A.B. asks: 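Attaching a single structure in structure tokens format; questions to follow.
Every value quoted in this text rests on a predicted model; they were computed, and no experiment measured them. Order of appearance sets the numbers: ligands from 1, and atoms from 1 within every ligand.
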Amino acid sequence: MTDQNSISFQANGAPYSTHFNDIYFDTKSGCQQSELVFIKSNNIYQRLLTEKNSFTIAETGFGTGLNFLLTLQTYHQVITELKNSEENAYLPALSFISVEKYPLSKAQLIQSLAIWPELAYYANLLTSQYPGKPEKKCLLNFFDGQVKLQLIFDDAADALTKLKAPKTGIIDAWFLDGFSPAKNPDMWSESLFEQIARLSKEQATLGTFTVAGFVRRQLYAIGFRVEKRAIDCDKKEMLYAKYQHNKKSGNGYQLRPLITKPQHVSIIGGGIASACAAYALTKQGIKVTLYCKDNKVAQGASSNAIGALFPLIHQQRDDISAFYEHAFWHAKSLYQSLLDQGFHFSHDWCGLLEVSYKETLQKRQKAFEQLAQWPKALIHSIDNDGASKAANLKLNYGGLFMPNAGWIAPQELVEQLFKAASLTNRLRIENNVAITHLEQKADKSWRLHSVRETFKATVVVVCGGADSIKLNIINQLPLTSVRGQVTRMSSNKTINKLSTVICHKGYLTPAHRDQHCIGATFDKNSFNIESSIEDDRFNLAMLEKCLPNLTDWQEQDIAGSKARLRCSTPDHLPMVGIMPDIAAHKPTYAHLAKDKNWRFYQSPPSIDNLYVITGLGARGLCSAPLLADILTAELSGTPYPVDNKMLFNLSPNRFVIRDIIKRKFDS
Ligand code: SAM
């Protein structure tokens, strides 16, 4: 088994395999490359920080142990971070399983690792325990046994076959590092991929230098979603993959379709959901034609002067809060990256205060404090003084403060997103086109009918907000229109110092161009977008009732108002994904009515080539970027940015599945 003679050292000290005719690592940037491909792409640091159980990494090809040392260094950084952290900290145990068919001798290992003085501390920890004669297997301990390295000296596939694992898998992250398939085809066998599928936990991630087509296809075939990523070093490219399509899970109705990445997508809509989708799709190399019913984009719910950007957070980490927490950071990072690229839109990350203006809210604030479920950077409790400081105005109440939240001018943001998408030369916008009917042809392509014209489309994404509620096919989804009127108020010296967004029953924004926004009304099932003075009065009265005397506004201070329609779902989460064939769901999954845990392996019946991003309610600024990236992953076959549970919570077929379980249909 051991063939140590096949290792030689080059003049620069790099270990070289004469057997495989390849270097183990590049002496200049090997450390940086491995860090990118294995540690960063698998998001090891962040996952160790937040993991509540143990964490297991498996590697094919231990070689010199460089990847292990980088992992050990990352673990050490996590220990330091947790020690300094004010939040409740938990340090997960780390298990690192590495298989190696041609182990280095201890002397060769010491000589190889001497190239990395920055890793000397970790290298010493390893080499002091590395067996003098590597045979069969050994178990090494680091950091008081918190990190365990299991070294198996055997062929990768054979060794993995012998590992015991429950059906739910044991591996959280894979480092596939066994020389390229061109130089070492034996390791990249079908049996290796079978073992990877058997041992992977759901959401397991994988990084490798290899971008070979057959590796991508094999990974895809066993249930990984795969992304070729450019990296900023000698190797130029890498593969990142995530185990998100496990056909053996028994939750068939949660599976998403596996499709060939389309070259062109048609989007219906012109607001924040469409803008984020157009941006994300064009960046992925997909051409987009956008049909917008108005003569300019962002004339619907995205046309308000100011919109607050903040997540919906409950006391407990429920599914809704988990989604909005994720969506919020995702949105912040996209908007900040647009700003960093030089796109301009009015905004202020001035924080948002949910003011505890009544007893039930004060109790809620206490519960938030006691449960301590959320990081302070997301939301934390503040008293009257803290709240007054955040608002720069005397407030009589404390509240829950979100320091990273703020406001954005949505129309400007939407325009900038389309501008950025247009710069890819992959976006065409057709204004003044209201799509009134969808027609599917026998070849599964689409005809989009407007009053005057018909357009051909292959893949269609309906993002039209409340406008699409009545569109044929889409009208089977449980969507509701909710009219909301926002009132613009002239600033004055009583209120112009306000320095954070305030949420009470409604909301109040800081001055922008000498105006504040207050709102909003909430009229279910209304499709009326005429603004009314009654609704302005309602907004003013709501503010005065919740926060008496904070402002001295009278009706004559109203500077303008706008009523628009939000599109809502029954469970307050939006929808993203393929349009389900709802009628076909009922017979396919009928047995769920008798046993909600019944295992199904069939993928859900769906309407080919028709997708939605809808039901964003009043939270599109927060949710649209994440939804757009989920859609783009769905169409490109790349890893989803959310786990399978969250994906199903956003799936357009979740309502029909829940209805079947609740026996809403006669069998
Ligand atoms: N991860 C290593 C490091 O951090 O130094 C570098 C790995 S090197 C590029 C590839 C390794 O895969 C070599 O040590 C080689 O002996 C090992 N290898 C090749 N074929 C193998 C197989 N079928 N099973 C297990 N290991 C294998």
Side-chain angles (χ1 to χ4, degrees), residues 1-10 13-27 29-39 41-42 44 57-74 96-106 108-116 118-119 122-123 126-127 130 134-137 140 149-163 173-196 199 206-210 212 215 234-235 238-239:
M1 170 191 63
T2 310
D3 185 7
Q4 291 163 357
N5 292 337
S6 65
I7 293 156
S8 68
F9 287 88
Q10 294 182 320
Y16 184 85
S17 168
T18 46
H19 184 93
F20 291 105
N21 196 15
D22 205 351
I23 47 169
Y24 278 74
F25 49 66
D26 176 64
T27 46
S29 59
C31 220
Q32 185 204 356
Q33 289 179 12
S34 293
E35 176 91 31
L36 275 174
V37 174
F38 301 110
I39 310 293
S41 74
N42 282 300
I44 299 296
I57 297 173
E59 178 185 50
T60 58
F62 184 72
T64 68
L66 174 60
N67 297 336
F68 174 69
L69 297 193
L70 292 169
T71 307
L72 208 54
Q73 184 185 40
T74 307
F96 194 106
I97 304 168
S98 190
V99 283
E100 174 54 64
K101 192 168 178 181
Y102 310 101
L104 274 71
S105 70
K106 190 166 179 152
Q108 288 167 331
L109 196 80
I110 293 172
Q111 188 175 348
S112 304
L113 293 175
I115 289 182
W116 312 114
E118 64 273 38
L119 293 174
Y122 306 102
L126 172 65
T127 52
Y130 191 80
E135 268 178 321
K136 288 190 180 156
K137 56 164 120 176
L140 315 185
L149 168 63
Q150 189 183 349
L151 275 172
I152 309 173
F153 300 114
D154 196 354
D155 169 72
D158 292 349
L160 295 178
T161 308
K162 288 176 206 145
L163 284 184
W174 290 93
F175 296 179
L176 296 194
D177 195 14
F179 294 125
S180 69
K183 300 215 162 160
N184 185 14
D186 291 352
M187 193 194 85
W188 302 88
S189 62
E190 213 165 287
S191 131
L192 176 78
F193 290 102
E194 275 166 22
Q195 292 311 315
I196 291 174
L199 294 169
L206 181 152
T208 178
F209 281 115
T210 301
V215 172
D234 287 1
K235 293 261 185 178
M238 62 159 290
L239 272 195

A.B. asks: With ring centroids as reference points, do Phe179 and Tyr24 lie under 6.0 angstrom apart?
C.D. replies: yes

A.B. asks: Are Ser29 and Asp26 close enough that a side-chain donor and a side-chain acceptor fall under 3.5 Å?
C.D. replies: yes

A.B. asks: Please find out if less than 6.0 Å separates the ring center of Phe62 from that of Tyr102.
C.D. replies: no

A.B. asks: Are Phe38 and Phe68 close enough that their ring centres sit under 6.0 Å apart?
C.D. replies: no

A.B. asks: Does ligand 1 have any N/O pairs with the protein under 3.5 Å, and how far apart?
C.D. replies:
{"residue": "ligand 1", "atom": "1 (N)", "partner": "Glu59", "partner atom": "OE2", "Å": "3.1"}
{"residue": "ligand 1", "atom": "1 (N)", "partner": "Gly61", "partner atom": "O", "Å": "2.8"}
{"residue": "ligand 1", "atom": "1 (N)", "partner": "Asn67", "partner atom": "ND2", "Å": "3.1"}
{"residue": "ligand 1", "atom": "1 (N)", "partner": "Asp177", "partner atom": "OD2", "Å": "2.7"}
{"residue": "ligand 1", "atom": "4 (O)", "partner": "Leu66", "partner atom": "N", "Å": "3.0"}
{"residue": "ligand 1", "atom": "4 (O)", "partner": "Asn67", "partner atom": "N", "Å": "3.0"}
{"residue": "ligand 1", "atom": "5 (O)", "partner": "Thr64", "partner atom": "N", "Å": "3.0"}
{"residue": "ligand 1", "atom": "5 (O)", "partner": "Thr64", "partner atom": "OG1", "Å": "2.6"}
{"residue": "ligand 1", "atom": "14 (O)", "partner": "Glu100", "partner atom": "OE1", "Å": "2.6"}
{"residue": "ligand 1", "atom": "14 (O)", "partner": "Glu100", "partner atom": "OE2", "Å": "3.3"}
{"residue": "ligand 1", "atom": "16 (O)", "partner": "Glu100", "partner atom": "OE2", "Å": "2.5"}
{"residue": "ligand 1", "atom": "20 (N)", "partner": "Asn184", "partner atom": "ND2", "Å": "2.8"}
{"residue": "ligand 1", "atom": "23 (N)", "partner": "Asp155", "partner atom": "OD1", "Å": "2.8"}
{"residue": "ligand 1", "atom": "24 (N)", "partner": "Ala156", "partner atom": "N", "Å": "2.9"}
{"residue": "ligand 1", "atom": "26 (N)", "partner": "Lys101", "partner atom": "N", "Å": "3.2"}

A.B. asks: Heavy-atom distance under 4.5 Å between the side chains of Asp177 and Thr208, does that happen here?
C.D. replies: no

A.B. asks: Have a look at Leu192 and tell me which of Leu160, Val99, Asp186 forms a side-chain contact (heavy atoms from CB on, under 4.5 Å) with it.
C.D. replies: Leu160

